Amino acid sequence: MHFMIRLTILVGSAICLIACADNSPKLPEYIQEHPLEISVLNEEGAETEIYVEDRGEASKQDITVIKKVTPTLDGGLLYAYTISAEKDLDINLHKTWSVTNSSFQKAEFLLPGFWYKRNMRSPETAPSFKTADYWSFREDRMSTPAAIAFNPELQQWIKLERMDDLVREETPDSTGGKISIRTDIGSLGIGKMGEDHMQLAANFPFTEVPKSYQSKLKLNPQWKAFYSLEKGETLTVSWKVSHGNAADFTALVTQTWEQAYDRHLPRPVAHKKTDAEIKEILSNYFYESYAETKDLKGFAGLWFDTQTCENTGVLSVGFCGKTFANAYNLLEYGYEQNNDEHKALARKVLDSYYANGFTDTGLIRELVYGENAEDVYTLRKQSEGLKNILFLLDFDKQHGMEHPKLEETIENLMHQFAKLQDDEGGFPRKFDTSFAVLDDSRGSTQSIITPMIMAARYFKEPKFLEVAVKAGNYSEKYIIDQADYFSSTLDANCEDKEAAAIAAVSFYHLALTAQEDMRKKYVALAQKAAYFGLSWYYLYDVPFAEGSLLKEAELKTRGWGNVSTENNHIDVWAFDFPHVLNWLSEETQEKRFAEMSEVITSSIKDQMLPYEGHMVGVGKKGYMPEIIQHTVWDYGANGKGYLNAHMSVGWTVASIWEVLTPGRFQGFMDRNP
């Protein structure tokens, strides 16, 4: 017999309710508790309500319900419902709290790692209040199972948390309609109640309404699960409701993350390989992925079949292929290992790009394969390419090699980008080969800051630092002050992790260039952005069904980050973000930053790394998989507990490599005063 949670006392033979006495702790009057509702699923698939808290007629049903309400140290209440079945039942529990002093129309909500404010950056084909004014989601879509409603005018928040350990999961027999299942996964809901109040709601097991988001930009029909409770069996489900104050949404995210971190206290994941062994395994990617086009040589980075990893020949600069980053990694590694083969392969790639990797207008060629006509260029890919070219120029200069023609090309390109900056400091997201703007969204402005700082030092050109500072001013005013991190995931123009993490990195780099007063300001801005970035990273281990790939691999999800509100899967995107967390920990004396940096690093670097005897569903050694489907999600194939059928690998290898190689930017700055 399965006991989901260890249980205590049962009272009576039919239905019993233990409620709060008059002198029991209470929530503020503006937080209204609503009765627990229990429904059952019959053999014909129809749903019937059998129990509503405080209603006498419920005594006719064949369950026992015990309610216990306990005050918590933070002034909240812990609600625990113990259910015992007197016959076999498939049940679903629903519980709601409404907030009566707050307007839904002005409210903001937080589901960490999935929903920020009102998700209005997301399209109507992804979850947002554009589509409906109430949403309920599975708890494993969230980096911590919590839903927070926030009134920015009153600076008040109300938080609903699932408090049970989530350890059991089954693969559902469908992803829509009503199903019977044995799982620990519930759901949390946010949205409108009545004419204009806010509500927070919980279901166990999960309910996803009005739609279930199970494929990218595809909203499926609603989905409701019923827990199979056998006669004589008991389960307890517990939720906590707490409340407090926050100056703004940024402060809310900060408080939420710190409280969630202290609750879960994630610890580093034991790793099986040393950092040196991991780099050696990853280096196989450089050889297996090597590809040539008619005028370029590089590492194929995109659109691999996950099970075979057959070479696609697609060369990509920046995200997702990271050609220059990987060439730099291999070249540096070749010198460290005194390996001429590594050096020669890296040089072969770099020589081809230095000669043929730029358009007639000076842009880096971003995506090269077959007869592909490149007509769209992106600020983020160009910025990532420039950053790593500057690292490479500096590296070669250390080894007595000069590239005057390349230096001229890069310096001219930096000046061209400076012309794209608008009066407020922002940069467009996409443009054509003539620098004509194709997408004027400015949410990825922060990505240009790092290469501009580096170019200012390398070329001794103050203009570039002015551009970086101005871009920082824009990012401060429109991204950080507005708590609006979006547009940095290239295949999605929505709320995302990378916008926040890249902002934190950028302000770290600005801090290294600044005098004391500005330095303190940049540290504070990096800290604010870092909390948003961290809010996307899991603090607990999502359960997987027996027999699934991720269950067999014993994947621990703590330290892995959700991608965006459009892309509901986890991945190894980290790059130098953990290094920034370590720096922030020293600057602010916040130990959680350094601790979480270690959790992220330990968790992502080799749990899913394919090597002999540990291929984790991937076709080739060293090909770190991209799309880890940790919730009921299908990026294109396979669903929860599995990898997607196709993946891009260049960036994943580059991310892990950079995580394992701290100190690069600081070293560059020291060598280029």
Side-chain angles (χ1 to χ4, degrees), residues 111-116 118-132 135-143 171-172 174-176 187 206 208-223 301-307 312 314 316 319-321 367 376 378 380 429-430 439 441 443-444 485-499 536 538 542 548-550 557 560-573 617 625-649 651-652:
L111 298 173
F114 191 60
W115 186 293
Y116 292 79
R118 301 176 72 84
N119 262 19
M120 297 302 278
R121 293 286 183 184
S122 297
E124 292 183 1
T125 47
S128 79
F129 286 143
K130 292 178 181 177
T131 308
W135 287 87
S136 177
F137 302 106
R138 285 174 59 105
E139 292 160 340
D140 56 358
R141 297 195 192 279
M142 305 158 208
S143 58
T171 300
S174 69
T175 53
S187 60
F206 57 86
E208 295 211 316
V209 295
K211 300 288 185 178
S212 180
Y213 190 48
Q214 291 155 358
S215 296
K216 181 177 170 63
L217 297 182
K218 181 182 178 184
L219 294 170
N220 288 354
Q222 61 182 279
W223 193 24
L302 276 66
W303 309 329
F304 292 98
D305 180 289
T306 303
Q307 291 188 337
T312 62
V314 181
S316 172
F319 202 84
C320 294
L367 188 61
V376 178
T378 63
R380 179 172 168 188
R429 186 174 185 240
K430 296 180 181 180
D439 181 346
S441 172
S444 56
Y485 300 87
F486 71 102
S487 188
S488 284
T489 300
L490 287 173
D491 67 342
N493 193 5
C494 65
E495 301 83 356
D496 65 45
K497 167 185 64 188
E498 290 155 38
W536 291 84
Y538 274 73
V542 167
S548 66
L549 172 70
L550 300 184
T557 59
W560 292 66
N562 258 339
V563 179
S564 71
T565 58
E566 288 187 26
N567 304 291
N568 191 207
H569 62 87
I570 55 176
D571 64 21
V572 298
W573 197 98
E626 177 190 29
I627 296 169
I628 313 293
Q629 297 176 150
H630 69 297
T631 184
V632 176
W633 171 255
D634 177 357
Y635 200 87
N638 300 334
K640 178 172 181 174
Y642 296 88
L643 308 179
N644 189 41
H646 297 91
M647 63 182 185
S648 296
V649 176
W651 78 265
T652 61

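What you see below is based on every heavy atom in this structure, not just the backbone, and it leaves out hydrogens, waters and symmetry mates. Not measured: the values here are computed from a predicted model.
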Indicate yes or no: at least one non-hydrogen side-chain atom of [X] is less than 4.5 angstrom from one of [Y].
X: T378; Y: K430; result: yes
X: R141; Y: W115; result: no
X: V632; Y: Q214; result: yes
X: W633; Y: K640; result: no

Test salt bridge (charged side-chain N to carboxylate O under 4.0 Å, His left out) applied to [X] - qualifying residues, sequence neighbours left out:
X: D571; value: K497
X: D305; value: none
X: R118; value: none
X: E626; value: none

With a 3.5 Å distance limit and no angle check, can you tell me whether [X] reaches the backbone of [Y] through a side-chain donor-acceptor pair?
X: E495; Y: M120; answer: yes
X: N562; Y: S564; answer: no
X: E566; Y: L217; answer: no
X: N644; Y: I627; answer: no
X: K218; Y: T125; answer: no
X: W536; Y: E498; answer: no

Mind listing the closest non-hydrogen atom pair of [X] and [Y] along with its distance?
X: G641; Y: S548; result: O-CB, 3.8 Å
X: P127; Y: F114; result: CG-CZ, 3.9 Å
X: P625; Y: I628; result: CG-CD1, 4.1 Å
X: S122; Y: T565; result: OG-OG1, 2.6 Å

Task: Any pair counted as salt bridge (Lys or Arg N to Asp or Glu O under 4.0 Å), so long as it reaches residues 120-129, sequence neighbours left out - done: R121-D484
Run the side chain to side chain contact (heavy atoms under 4.5 Å, CB included) test against [X] and tell me which residues pass, sequence neighbours left out.
X: L367; answer: L302, W303, V314, S316, Y369, N372, E374
X: N638; answer: Q629, Y642, A645
X: K211; answer: W135, L219
X: T306; answer: V618, L643, M647

- [ ] Mind telling me whether H630 and Y538 have parallel, tilted or perpendicular rings, with 30° and 60° as the class edges?
- [x] perpendicular
Any chance you could measure [X], atom [atom1], to [Y], atom [atom2], to the nearest 0.5 Å?
X: T175; Y: W223; atom1: OG1; atom2: CH2; result: 6.0 Å
X: H569; Y: D634; atom1: NE2; atom2: CG; result: 11.5 Å
X: S128; Y: Y213; atom1: OG; atom2: OH; result: 10.5 Å

Open item on the list: Once side chain to side chain donor-acceptor pair (under 3.5 Å) is applied, do any residues pair with S487, and if so which ones, sequence neighbours excluded?
Closed with: R429, S441, N493
Open item on the list: Checking D140 against T631: is there a side-chain donor and acceptor pair closer than 3.5 Å?
Closed with: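 Yes, side-chain donor-acceptor contact under 3.5 Å.
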Open item on the list: If the condition is ring pair (Phe, Tyr, Trp, His ring centres under 6.0 Å), which residues does W560 pass it with, not counting sequence neighbours?
Closed with: none
Open item on the list: My understanding is that only residues two or more places apart in sequence, or in another chain, count here; which of them pass ring pair (Phe, Tyr, Trp, His ring centres under 6.0 Å) with F304?
Closed with: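 Residues passing ring pair (Phe, Tyr, Trp, His ring centres under 6.0 Å) with F304: Y623.
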